[in-house]
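One structure below.
As a basis for the values below, the full set of heavy atoms in this structure was taken, side chains included, without hydrogen atoms, waters or symmetry mates.
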Amino acid sequence: LINKKLEEEMDKVRNIVTAGLALRKEKQIKVRQPLAKITLRQRQDELLDLIKEELNVKEIVFDEKQKEDLVLDTELTQALIYEGYARELMRAIQDMRKEAKYRLDEKVFAQWHSDDLGVSEAIRHWSDEIKNEVLLSEFRNGLDDKKTYDVEKEFELSPQKKIWIGVRR
């Protein structure tokens with residue numbers, strides 16, 4: 001039942017992912033921040049979706065002429081930055097759900113506010129995905145309405161990019 005070809009492909013993938021994650025760390029780019037592409041020198045036909053998912057890149061390109069085994073495109077467009085904000089927020093809401101001891105399938109209410117225009121634009125753009133991904137019955141933008149929340153926090157999605165969020169049943 002041992003598939004040697006699959007094991008060899010997985011070793012290649014593991015090496016690519018390890019090197020890609022090391023480059024992300026060196027450039028101080030979190031894995032939740034999507035990147036446009038990775039360029040690989042050696043053709044890799046198997047398990048491309050796994051590489052994309054593990055490194056959080058949109059596209060894999062091959063260039064046999066490049067010197068390095070892999071190159072990460074670390075240029076962040078506005079769309080990629082906004083998606084990164086949304087992913088950070090989803091992670092934070094999941095942590096808040098866990099802290100509030102909500103059931104995994106329980107839909108809850110969330111309210112948010114940010115004075116940062118870029119953060120606000122990003123969250124509005126990604127609100128449907130956020131709502132679906134973290135099981136929110138409602139995801140409202142507005143200042144703190146003095147209602148009681150099970151958990152509420154203010155934090156930075158990235159340096160100097162603050163957001164307040166509250167969750168309740």
Side-chain angles (χ1 to χ4, degrees), residues 13 16-39 47-61 70-169:
V13 167
I16 291 168
V17 169
T18 300
L21 291 175
L23 283 174
R24 273 183 170 277
K25 187 173 185 176
E26 180 184 305
K27 301 280 187 186
Q28 298 181 339
I29 300 173
K30 292 180 180 180
V31 178
R32 276 186 293 279
Q33 174 59 61
L35 296 175
K37 69 179 177 185
I38 183 173
T39 305
L47 306 171
L48 293 179
D49 287 340
L50 184 59
I51 294 170
K52 285 162 95 172
E53 185 178 321
E54 289 295 314
L55 292 178
N56 194 10
V57 294
K58 302 290 184 184
E59 179 183 17
I60 297 177
V61 176
L70 64 93
V71 175
L72 274 178
D73 179 355
T74 57
E75 185 178 322
L76 297 176
T77 64
Q78 200 65 52
L80 290 171
I81 290 169
Y82 284 2
E83 185 176 347
Y85 291 166
R87 288 180 180 215
E88 264 318 308
L89 184 59
M90 286 186 262
R91 182 202 52 79
I93 294 171
Q94 292 290 36
D95 289 347
M96 293 168 76
R97 288 177 60 90
K98 187 184 287 184
E99 185 179 331
K101 296 181 174 38
Y102 297 147
R103 290 188 328 268
L104 291 176
D105 62 346
E106 184 176 9
K107 287 198 171 198
V108 297
F109 172 89
Q111 185 159 322
W112 66 276
H113 176 74
S114 178
D115 289 329
D116 186 280
L117 295 177
V119 168
S120 294
E121 184 179 334
I123 303 309
R124 277 193 292 276
H125 177 80
W126 283 90
S127 65
D128 288 341
E129 286 86 347
I130 294 168
K131 189 176 169 183
N132 292 332
E133 187 70 27
V134 296
L135 290 180
L136 300 176
S137 58
E138 197 174 336
F139 189 46
R140 185 179 303 158
N141 180 10
L143 288 169
D144 183 358
D145 55 7
K146 303 300 177 213
K147 290 187 178 158
T148 303
Y149 291 89
D150 298 325
V151 179
E152 60 181 296
K153 292 183 179 175
E154 183 175 67
F155 57 94
E156 290 184 338
L157 293 175
S158 72
Q160 308 299 311
K161 303 292 183 181
K162 289 186 177 180
I163 189 168
W164 169 88
I165 186 146
V167 294
R168 66 175 186 255
R169 284 193 164 94

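Heavy-atom minimum distance, Arg169 versus Asp150: N-OD2, 3.1 Å. Closest heavy-atom contact between Ile16 and Leu55: O-CD1, 4.2 Å. Shown here for Ser120 and Ser114, the closest heavy-atom pair between the two residues is OG-O, 3.1 Å. Minimum heavy-atom separation, Glu54 to Val31: O-CG1, 3.9 Å. When all heavy atoms of Tyr82 and Ala122 are compared, the pair lying nearest together is CG-CB, 3.3 Å. Taking all atoms of both residues into account, the shortest heavy-atom contact from Leu135 to Leu104 is CD1-O, 3.0 Å.
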Stepwise side-chain contact (heavy atoms from CB on, under 4.5 Å) test for Ile93 and Phe139: CA-CA 11 Å; Ile93 294 171; Phe139 189 46; 4.2 Å; yes
Run the side-chain contact (heavy atoms from CB on, under 4.5 Å) check on Asn141 and His113 step by step: do they pass? CA-CA 6 Å; Asn141 180 10; His113 176 74; 4.1 Å; yes
Show, in sequence, the C-alpha distance, side-chain angles and deciding distance for Arg91 and Gln94, and conclude whether the side-chain contact (heavy atoms from CB on, under 4.5 Å) test is met. CA-CA 5 Å; Arg91 182 202 52 79; Gln94 292 290 36; 5.7 Å; no
For Lys162 and Asp115, what are the C-alpha separation, side-chain angles and deciding distance, and is it a side-chain contact (heavy atoms from CB on, under 4.5 Å)? CA-CA 8 Å; Lys162 289 186 177 180; Asp115 289 329; over 6 Å; no
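Going from atom CZ of Arg168 over to atom CD of Gln111 covers 7.0 Å, rounded to the nearest 0.5 Å. Arg32 contributes atom CZ, which lies 11.0 Å from atom CG of Leu89 (distance to the nearest 0.5 angstrom). With rounding to the nearest 0.5 angstrom, the CE atom of Met96 is 6.0 Å from the NZ atom of Lys153. Between Tyr85 atom OH and His125 atom NE2 the span is 14.0 Å, to the nearest 0.5 Å. Distance check: Leu21 CG to Leu72 CG gives 9.0 Å after rounding to the nearest 0.5 Å. Once rounded to the nearest 0.5 Å, the distance linking CE of Met90 with CD1 of Ile123 reads 8.5 Å.
With salt bridges taken as basic N to acidic carboxylate O contacts below 4.0 Å, none links Arg97 and Glu106. Using a 4.0 Å cut-off between charged nitrogen and carboxylate oxygen, Lys161 and Glu88 do not count as a salt-bridge pair.
Listed by chain and residue number, Glu156 satisfy the side chain to side chain contact (heavy atoms under 4.5 Å, CB included) test with Gln160 (two or more places apart in sequence, or in another chain).
Using bins of under 30°, 30° to 60° and over 60° for the plane-to-plane angle, the ring pair Phe109/Tyr149 lands in the parallel bin.
Side-chain contact between Leu35 and Asp73 is absent, with no heavy atoms from C-beta onward closer than 4.5 Å.
Checking Trp126 against Glu83 by side-chain atom types alone, no donor-acceptor pair falls below 3.5 Å. Inspection of the Asn56 and Arg24 side chains reveals no N or O donor paired with an N or O acceptor under 3.5 Å.
A 6.0 Å sphere centred on CD of Glu138 holds more than 12 heavy atoms belonging to other residues, nucleotides or ligands.
Shown are Val17, Thr39, Leu23; of these, the side-chain contact (heavy atoms from CB on, under 4.5 Å) with Leu70 is made only by Leu23.
Glu152 contributes no side-chain N or O that, together with a main-chain N or O of Trp164, makes up a donor-acceptor pair within less than 3.5 Å.
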